[in-house]
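Just so you know, ligand 1 is whichever comes first in the structure, and atom 1 is the first atom listed for that ligand. One is the number of the first residue; the rest follow in order along the sequence.
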Amino acid sequence: MLRLLTAGESHGPELTAIIEGLPAGIPVSRDDIDADLIRRQKGAGSGGRMCIEKDRVRITGGVPAGMTTGGPVSLVITNKDFQSWKDRDISPMTIPRPGHADLTAAVKYGYRDLRLGLERASARETATRVAVGAICRRFLGEFRIVIGSYTVSIGSVKAELQGEYPDLFRRAEESPVRCPDESASRQMVDEIARAKEAKDTVGGVFECVALNLPTGLGSHVHWDRRLTARLMAAVGSIPAVKGVQFGNAFEYVSHWGTEVHDSLAPDPDNSGRPLVRTTNRAAGLEGGITTGMPLVIRAAMKPISTTLKGIESVDLVSGERVMTQYERSDICAVPRACVVAEAMAAFVLADALVEKLGGDSLEEMRPRYRALRESSIHELPMNNKAWRFSYE
Ligand code: EPS
């Protein structure tokens with residue numbers, strides 16, 4: 001339903017995003033978008049580039065009077081660093097950095113300079129996704145849907161995650177590594193400092209959570225409509241993300257089925273006879289459809305592949321074994337990837353909401369939202385009689 005395109009290079013003049021398919025009537029303000037752009041730029045572990053860029057959005061289409069019109073929305077973010085690249089001869093880059101797109105992109109596209117791959121593969125592009133995500137978040141907010149995120153681990157330091165989600169989100173916002181556990185947060189800052197001293201990089205795990213989702217977004221009926229798959233693809237598209245799971249999926253494989261599913265029970269108060277789950281091990285999805293419980297996406301980000309210390313590689317001009325060369329680098333991007341994951345989740349959930357509700361405007365969607373079926377016994381009348389497949 002929604003289409004998102006981004007364009008631009010890391011050190012080119014600007015980055016552009018177009019989102020198409022949003023309903024009319026979503027209030028969009030530059031301040032809301034900038035607030036998320038600022039959140040994406042914060043956090044320990046960033047390299048020198050973050051001192052140069054101060055990302056602010058320019059809205060150039062689709063919001064002529066502060067609200068979406070139903071037309072495509074276009075957004076532009078300036079790369080300040082372009083000023084120092086624009087008039088200079090760019091020295092050849094011929095040694096691919098293992099783990100980056102340098103070699104694979106050159107093989108695929110026949111580049112004669114590896115920088116052409118680097119420029120577009122760079123995570124700089126995620127700034128545009130965050131800008132679009134801020135609009136999607138605003139749209140979801142009209143239906144009380146909230147998205148937050150936090151760091152679970154950096155290197156060998158793991159957080160103890162205690163408390164309700166809104167509290168985790170709030171505490172994450174106060175931490176330099178977006179970690180709600182204060183003591184782990186301090187240790188994570190030290191871990192990043194150690195990686196920096198070793199001229200190396202460090203990865204980690206983060207969680208992105210959506211709250212107040214209605215039941216019934218996504219679908220079981222076809223592989224590409226399963227919300228599970230759509231969210232995995234969206235979060236897996238963030239540079240350096242190598243794994244995505246829902247809740248503790250990888251841990252559950254060592255348990256029996258009866259230990260990992262969320263049993264259903266009638267609401268003890270019997271008010272409207274809703275069905276309740278007292279656990280959320282499915283992390284908000286059953287059959288590729290939202291259950292209405294918190295949606296918990298957990299992702300693994302590998303250590304960034306641009307390292308100040310060299311990694312063995314080959315110079316494509318001489319064919320000699322060499323070490324990768326010093327490049328300006330981020331040490332850890334996990335805190336910032338959290339915010340990008342929020343944006344990607346917001347985009348997918350906005351897409352699923354438009355799909356579920358239809359409607360060209362927010363005004364049309366509101367009554368449809370109120371009419372959504374819930375998992376209460378009275379909303380699910382069963383025939384309770386035998387039937388047969390009617391195929392010959
Ligand atoms: C990136 C390399 C660094 C990062 C950049 C992503 O940029 P530079 O090569 O200019 O130092 O800072 O991320 C951003 C600029 C950003 O806004 O997130 C890479 O190669 O992926």
Check your understanding: Purely on distance, is any nitrogen or oxygen of Asp81 under 3.5 Å from one on ligand 1?
Key ->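 No; the residue has no nitrogen or oxygen that sits under 3.5 Å from a nitrogen or oxygen of the ligand.
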
Check your understanding: Side chains of Ser313 and Arg97: donor-acceptor distance under 3.5 Å anywhere?
Key ->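 No, because no side-chain N or O of Ser313 sits under 3.5 Å from a partner of the opposite role on Arg97.
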
Practice item. Following the transitive rule for hydrophobic clusters with a side-chain heavy-atom cut-off under 4.5 Å over Ile, Leu, Val, Met, Phe, Trp and Tyr, establish whether Leu308 and Ile95 coincide in one cluster. Key: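 Leu308 does not cluster with Ile95.
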
Practice item. Could you name the option among Asp330, Leu15, Val130 that has the heavy atom nearest to atom 3 (C) of ligand 1? Key: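 Residue with the shortest heavy-atom distance to the ligand atom: Asp330.
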
Review point. So which of Met50, Glu125, Arg328, Glu119 gets nearest to atom 14 (C) of ligand 1, if we judge by its closest heavy atom?
Key: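 The nearest heavy atom belongs to Met50.
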
For [atom], which protein heavy atom lies nearest, and how many Å away is it?
{"atom": "atom 6 (C) of ligand 1", "result": "Ser122 OG, 3.3 Å"}
{"atom": "atom 18 (O) of ligand 1", "result": "Arg40 NH1, 2.8 Å"}
{"atom": "atom 15 (C) of ligand 1", "result": "Arg124 CD, 3.2 Å"}
{"atom": "atom 20 (O) of ligand 1", "result": "His100 NE2, 3.5 Å"}

Exercise for review: Start with the C-alpha distance between Ile192 and Ile154, add both sets of side-chain angles, then the distance that settles side-chain contact (heavy atoms from CB on, under 4.5 Å), and finish with yes or no.
Suggested key: CA-CA 8 Å; Ile192 293 169; Ile154 287 182; 4.1 Å; yes

Point to revise | Lys/Arg-Asp/Glu bridge criterion (N-O < 4.0 Å) met for Arg328, Asp81 | key: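 A salt bridge links Arg328 with Asp81.
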
[X]: numbered ligand 1 atoms lying under 4.0 Å from its heavy atoms:
{"X": "Ala123", "value": "6 (C), 18 (O), 19 (C), 21 (O)"}
{"X": "Arg336", "value": "16 (C), 18 (O)"}
{"X": "His11", "value": "8 (P), 9 (O), 10 (O)"}

Practice item. Taking atom CD of Glu182 as the centre, report whether more than 12 heavy atoms of other residues, nucleotides or ligands fall under 6.0 Å from it. Key: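 Counting other residues, nucleotides and ligands, CD of Glu182 stays at 12 neighbours or fewer.
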
Check your understanding: When you measure from the centre of the six-membered ring of Trp223, is the NZ or CZ of Arg226 under 6.0 Å away and within 45° of the axis?
Key ->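 No, Arg226 does not sit over the ring of Trp223.
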
Review point. Between CG of Leu103 and OH of Tyr111, what distance do you get to the nearest 0.5 Å?
Key: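 Leu103 atom CG to Tyr111 atom OH measures 13.0 Å (nearest 0.5 Å).
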
